[in-house]
Protein chains: 2
Amino acid sequence: MSSPKPTHSLPLVMAALDNPHRMRILAALRSSSNYVSQLARDLEISRPLLIMHLKKLEEAGLVSSGLEVSADGKAMRVYQLEDFDIRLTPDEVARAAAKLPKD
Amino acid sequence: MSSPKPTHSLPLVMAALDNPHRMRILAALRSSSNYVSQLARDLEISRPLLIMHLKKLEEAGLVSSGLEVSADGKAMRVYQLEDFDIRLTPDEVARAAAKLPKD
DNA sequence: GTTATGTGTAATAAATATATTACATGTGTA
DNA sequence: TACACATGTAATATATTTATTACACATAAC
């Protein structure tokens with residue numbers, strides 16, 4: 001049994017979700033974890049581009065990754081979805097806004 | 001008694017909230033509605049810039065506006081917060097991703 | 001050794017988003 | 001008339017994000 005982590009940075013999450021590719025990536029990782037090259041083929045985007053997007057998602061804590069070694073000995077970076085449940089309300093936004101750097 | 005509208009476009013909301021100014025604008029409008037020039041002074045940003053940000057917030061349905069006439073006869077555009085309560089989960093993101101244009 | 005697969009990153013180009021400046025209009029008051 | 005304060009927008013500059021291309025390295029199979 002897993003539970004969503006409560007410590008997401010709202011600005012990072014907003015930045016992460018503000019992109020159609022990254023929404024599709026999260027959708028794709030729901031069914032199962034996947035490694036970068038395969039995920040790039042599935043989503044039909046280039047691997048460097050996918051890596052850039054995955055980095056943003058990982059920084060926001062929405063996905064995580066680790067190195068695994070395949071049956072035939074190749075190192076593969078596998079990404080998995082981090083469960084999350086974030087509520088967006090005016091109060092939550094205000095709370096996040098208060099934490100922003102002054103200028 | 002007011003209730004959050006259920007029909008927010010997730011992409012538009014994400015785009016709207018992905019900016020520190022716009023988070024502060026929402027925070028500021030919580031306590032009370034305000035007209036553009038005053039809000040610009042309160043937040044210490046230029047009026048054209050504020051207008052640009054308000055436009056994005058309005059497109060996302062997070063604020064609304066109307067023209068009011070002040071006591072001394074000046075037309076003022078008053079913005080008010082639209083209440084919202086949006087839940088961000090992998091399933092919700094996937095649901096939004098499925099509605100995105102194919103390419 | 002060559003081919004196919006995986007990893008990683010750096011340099012660059014293109015597209016968007018952000019921010020400023022300048023100007024236009026209208027109203028009420030000194 | 002001139003001033004203060006409100007509206008609106010257009011043109012431009014700057015910054016950031018997105019996307020591509022080109023590398024480098026490693027392992028397994030032919």
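In the text below, chain A, chain B and the rest are named by the order of the sequence lines, each starting its count at 1. As the structure is a prediction and not an experimental result, all values here were calculated from the model.
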Remaining members of the apolar cluster that contains M76(A), side-chain heavy atoms under 4.5 Å: Y35(A), V78(A)

Short side-chain N/O contact from R77(A) to OP1 or OP2 of dG8(C), under 4.0 Å: yes

Mate of dA30(C) where both pairing distances stay under 3.5 Å, Watson-Crick or G-U: dT1(D)

Partner residues of D18(B) under the side chain to side chain donor-acceptor pair (under 3.5 Å) criterion, sequence neighbours left out: none

Contacts of type side chain to side chain donor-acceptor pair (under 3.5 Å), residue R87(A), not counting sequence neighbours: D85(B)

Connected hydrophobic set around L67(B), excluding itself, where side chains approach under 4.5 Å: none

Nearest heavy atoms of L43(B) and I25(B), plus distance in Å: CD1-CG1, 3.5 Å

Hydrophobic cluster partners of V69(B) (side-chain heavy atoms under 4.5 Å): none

For D91(A), side chain to side chain donor-acceptor pair (under 3.5 Å) partners two or more places apart: R30(B)

Summary of protein contacts for nucleotides 22-30 of chain C, nucleotide by nucleotide, where a base hit scores B, a sugar-phosphate-only hit scores S (4.0 Å, heavy atoms): B----BS--

Residue pairs involving residues 51-63 of chain A (criterion side-chain hydrogen bond (donor to acceptor under 3.5 Å, both in side chains); sequence neighbours excluded): R22(A)-H53(A), E58(A)-S65(A), E58(A)-Y79(A)

Could you pull out the protein-nucleic contacts involving nucleotides 15-19 of chain D (nitrogen or oxygen on both sides, under 3.5 Å)?
{"unit_1": "dT18(D)", "atom_1": "OP1", "unit_2": "N19(A)", "atom_2": "ND2", "d": "3.2"}
{"unit_1": "dT18(D)", "atom_1": "OP1", "unit_2": "R22(A)", "atom_2": "NH2", "d": "3.2"}
{"unit_1": "dT18(D)", "atom_1": "OP2", "unit_2": "R22(A)", "atom_2": "NH1", "d": "3.3"}
{"unit_1": "dT18(D)", "atom_1": "OP2", "unit_2": "K56(A)", "atom_2": "NZ", "d": "3.0"}
{"unit_1": "dA19(D)", "atom_1": "OP2", "unit_2": "H53(A)", "atom_2": "NE2", "d": "3.1"}

Set of residues satisfying side chain to side chain donor-acceptor pair (under 3.5 Å) with respect to Q38(B), sequence neighbours excluded: R41(B), D42(B)

Connected-component partners of L12(A) among ILVMFWY, side-chain separation under 4.5 Å: none

Residues in contact with DNA chain D, drawn from residues 37-44 of chain B - heavy-atom cutoff 4.0 Å: S37(B), R41(B)

